[in-house]
Amino acid sequence: MNFINLLQQLISIPSFSKEEDKTADAIEAFLQEKDVEVNRHLNNVWAQNKYYDAVKPTILLNSHHDTVKPNKGYTKDPFKASIDDGKLYGLGSNDAGGALVSLAAAFLHYYEKTLPYNLIFAATAEEEISGKNGIEALIPLLGKIDFAIVGEPTQMQLAIAEKGLMVLDCTAHGKSGHAAREEGENAIYKALPDIEWFRTYQFPKVSELLGPAKMSVTVIHAGTQHNIVPGACEFTVDVRVNECYSNQDILDIISKNVKCDVKARSLRLKPSFIPEEHPIVKAGKELGLKVYGSPTTSDRALMPWQSLKAGPGDSARSHMADEYIYIKEIEEGIDLYINMLNKLLTT
């Protein structure tokens with residue numbers, strides 16, 4: 001089975017987040033057919049190069065095999081994996097099946113070679129929901145990782161920075177009363193100054209790659225009926241954090257400036273950055289690839305080590321109806337991954 005066939009097989013198997021057991025089976029079987037010793041934890045599948053040596057530095061090659069639910073606009077069968085005019089269609093073809101099989105190909109290219117680095121290939125679950133049973137569950141089992149290449153559709157350009165994400169649940173408190181009388185304290189009015197602060201505040205540290213940290217009030221709930229002054233106003237804030245701040249830094253600044261109660265759902269999805277001077281970035285740049293900052297979140301947000309996001313496909317196609325990836329993009333992705341690693345592994 002070649003790598004296009006593997007991707008077609010994966011597309012044909014529904015693998016929504018938390019339901020990836022069958023694609024995990026397929027990836028495990030594929031690697032075993034190549035005489036690779038395979039490990040599995042939950043729906044995460046990983047393998048080390050044949051001559052793994054714990055004394056050597058280790059590179060993680062990681063992508064995910066879960067998908068979102070199909071967009072309602074699909075005109076094709078999302079699980080058919082058809083090829084038409086050089087395009088491979090199907091759910092997860094672009095995000096991130098193309099990157100997954102390209103990294104698998106690069107791993108197998110080097111699998112039996114004696115290398116100055118170790119390589120670990122990991123096909124992980126629950127990326128689309130940032131779930132705790134994906135890469136986060138695997139981290140304690142992988143040993144020391146020096147850096148990772150995270151396969152996502154970037155047109156094989158080098159996302160050296162990525163925004164983190166915090167979702168805040170905010171509550172402004174008032175006091176209920178009858179709207180016809182001078183009773184109560186309207187929680188909506190109490191919330192308005194804080195909502196305006198979220199709308200207008202500018203964090204002073206601006207990233208050259210990602211721009212400013214950004215806050216957006218996206219959901220609001222208050223009141224039960226027209227004649228009752230609401231005693232509470234709840235609203236949600238989406239916060240995208242650049243690499244100049246930690247999530248905790250941003251939360252501290254917010255807490256000092258607003259009067260409402262603020263609770264972060266999680267601080268897990270951290271911003272990330274790898275310097276342009278890092279050897280893997282230099283290797284990519286020598287091959288003509290460009291660096292940029294990515295506004296979208298991936299599993300690198302959960303990694304405690306440095307990481308580079310790069311892969312075949314285009315982020316604009318992710319989650320779209322009739323998702324596709326060009327066969328040529330996968331072939332080029334395999335070559336570029338191998339050539340990037342070759343610059344490291346031969347120096």
For the residue pair Gln248 and Asp252, confirm or rule out a side-chain donor-acceptor distance under 3.5 Å.
yes
Of all pairs that satisfy salt bridge (Lys or Arg N to Asp or Glu O under 4.0 Å), the ones with a partner from residues 171-181, not counting sequence neighbours
Arg181-Glu183
Would you say Leu108 and Ile4 are hydrophobically clustered, going by side-chain heavy atoms of ILVMFWY under 4.5 Å?
yes
Contact summary for Ala137 and Pro140, nearest pair of heavy atoms:
O-CD, 3.4 Å
Distance-only donor-acceptor check, side chains Glu126 and His64, under 3.5 Å
no
Using modelled atom types only, decide if a donor and an acceptor are shared between the side chain of Tyr337 and the backbone of Ala310 within a distance under 3.5 Å.
yes
Does any N or O in the side chain of Asn133 come within less than 3.5 Å of the main-chain N or O of Leu42, such that one atom is a donor and the other an acceptor?
no
Asn242 versus Ser207, side-chain donor and acceptor atoms under 3.5 Å:
no
Answer yes if the side chains of Ser294 and Thr296 hold a donor-acceptor pair under 3.5 Å, and no otherwise.
yes
So that I can tick it off, tell me whether Lys87 and Glu323 are bridged by a salt bridge, with the cut-off set at under 4.0 angstrom between side-chain N and carboxylate O.
no
Are Val36 and Leu10 connected into the same hydrophobic cluster when the rule is that any two of I, L, V, M, F, W, Y join if their side-chain heavy atoms are below 4.5 Å apart?
yes
Is the closest side-chain heavy-atom distance between Thr154 and Tyr292 below 4.5 Å?
yes
4.5 Å side-chain heavy-atom contact, Arg240 and Leu165
yes
With no hydrogens and no angle check, just 3.5 Å: does a side-chain donor-acceptor pair link Thr67 and Asp95?
no
Can you give me the closest heavy-atom contact between Ala106 and Leu341, atom names plus distance?
CB-CD1, 4.3 Å
In the single-linkage hydrophobic clustering (I, L, V, M, F, W, Y; side-chain heavy atoms under 4.5 Å), do Met303 and Leu210 co-cluster?
no
If we only count heavy atoms from C-beta on, is the Phe30 to Asp25 side-chain gap below 4.5 Å?
no
If the plane angle is over 60° it's perpendicular, under 30° parallel, otherwise tilted; pick one for Phe198 and Phe235.
perpendicular
Does a side-chain heavy-atom distance below 4.5 Å link Trp197 with Met215?
yes
Determine whether Lys205 and Glu243 satisfy the following criterion, salt bridge (Lys or Arg N to Asp or Glu O under 4.0 Å), listing intermediate values before the conclusion.
CA-CA 9 Å; Lys205 297 178 185 177; Glu243 83 281 10; over 6 Å; no
Find the distance between CG (Leu192) and CZ (Arg199) and round it off to the nearest 0.5 Å.
11.5 Å
For side-chain contact (heavy atoms from CB on, under 4.5 Å), just list the numbers for Val229 and Ser176, CA-CA rounded to whole Å, side-chain angles, deciding distance to a tenth of an Å, and then say yes or no.
CA-CA 5 Å; Val229 173; Ser176 293; 5.8 Å; no
Could you tell me whether Lys343 and Glu286 have a side-chain N and a carboxylate O separated by less than 4.0 Å?
yes
Side-chain donor or acceptor of Asp194 paired with backbone N/O of Lys259 under 3.5 Å
yes
Please report the shortest heavy-atom distance between Leu138 and Ala122, naming the atom on each side.
CD2-CB, 4.0 Å
Tell me yes or no: between the side chains of Glu185 and His173, is some donor less than 3.5 Å from an acceptor?
no
Is the CD atom of Glu208 crowded by more than 12 outside heavy atoms at less than 6.0 Å?
no
Should Val68 and Tyr89 be counted in the same cluster of Ile, Leu, Val, Met, Phe, Trp and Tyr side chains packed under 4.5 Å apart?
no
Can you check whether Gln306's main-chain N or O pairs, donor with acceptor, with Arg300's side chain at less than 3.5 Å?
no
Parallel, tilted or perpendicular: ring planes of Tyr111 versus Phe107, cut at 30 and 60 degrees:
tilted
Above 12 or not: heavy atoms from other molecules or residues under 6.0 Å from NZ of Lys214?
no
In short, salt bridge (Lys or Arg N to Asp or Glu O under 4.0 Å) pairs touching residues 157-169 with sequence neighbours left out are Glu162-Lys309, Asp169-Arg265
Any pair counted as side-chain hydrogen bond (donor to acceptor under 3.5 Å, both in side chains), so long as it reaches residues 74-86, sequence neighbours left out:
Thr75-Asp322
Is there a donor-acceptor pair closer than 3.5 Å between any side-chain N or O of Asp66 and the backbone N or O of Ser15?
no
Just by modelled atom types, is the Asn5 backbone N or O under 3.5 Å from a matching donor or acceptor in the Asn2 side chain?
yes
Is the number of heavy atoms from other residues, nucleotides or ligands under 6.0 Å of Lys113 NZ greater than 12?
yes
Is there a side-chain contact between Val206 and Cys244 (heavy atoms, below 4.5 Å)?
no
Atom pair OG/CD1 of Ser102 and Ile330 - distance to nearest 0.5 Å:
5.5 Å
Could you check whether any side-chain heavy atom of Leu100 comes within less than 4.5 Å of a side-chain heavy atom of Phe121, counting everything from C-beta outward?
yes
Could you report the tightest heavy-atom contact between Lys132 and Glu136, atom names first, then the distance?
CG-OE1, 3.4 Å
Show your reasoning for whether side-chain contact (heavy atoms from CB on, under 4.5 Å) applies to Leu60 and Phe147.
CA-CA 6 Å; Leu60 174 66; Phe147 69 91; over 6 Å; no
Quick check against the 3.5 Å criterion: does Asp146 have a side-chain atom that pairs as donor or acceptor with the backbone of Thr58?
yes
Under a 4.0 Å threshold between the charged nitrogen and the carboxylate oxygen, would Glu331 count as salt-bridged to Lys328?
no
What distance do Asn247 atom CG and Met166 atom CE have between them, rounded to the nearest 0.5 Å?
5.0 Å
Val258/Cys170 under side-chain contact (heavy atoms from CB on, under 4.5 Å): CA gap, chis, key distance, verdict
CA-CA 10 Å; Val258 297; Cys170 304; over 6 Å; no
Taking atom CZ as the centre, does Phe79 end up with more than 12 heavy-atom neighbours from other residues, nucleotides or ligands that are less than 6.0 angstrom away?
yes
Minimum side-chain heavy-atom gap Asn62-Ile149 below 4.5 Å:
no
Quick check on the hydrophobic clustering: are Leu336 and Leu7 connected, directly or via other members, by side-chain heavy-atom contacts under 4.5 Å?
yes
So do Pro312 and Ile325 actually touch side chain to side chain, heavy atoms under 4.5 Å?
yes
Considering all heavy atoms, the nearest Tyr51-Glu112 contact
CE1-O, 3.0 Å
Trp305 versus Ala148, closest heavy-atom pair with distance
NE1-CB, 3.4 Å
Are Lys282 and Glu276 close enough, and set up right, to give a side-chain contact (heavy atoms from CB on, under 4.5 Å), and what steps lead you there?
CA-CA 7 Å; Lys282 290 173 69 175; Glu276 288 194 52; over 6 Å; no
Expected output: side-chain Asp249 to main-chain Ser246 donor-acceptor under 3.5 Å
yes
Between atom OG1 of Thr114 and atom NZ of Lys56, what is the distance when rounded to the nearest 0.5 Å?
6.0 Å
Spacing of NE2 belonging to His109 relative to CG belonging to Leu119, to within rounding of 0.5 Å:
10.5 Å
Ala125 backbone acceptor or donor facing Asn44 side chain under 3.5 Å:
yes
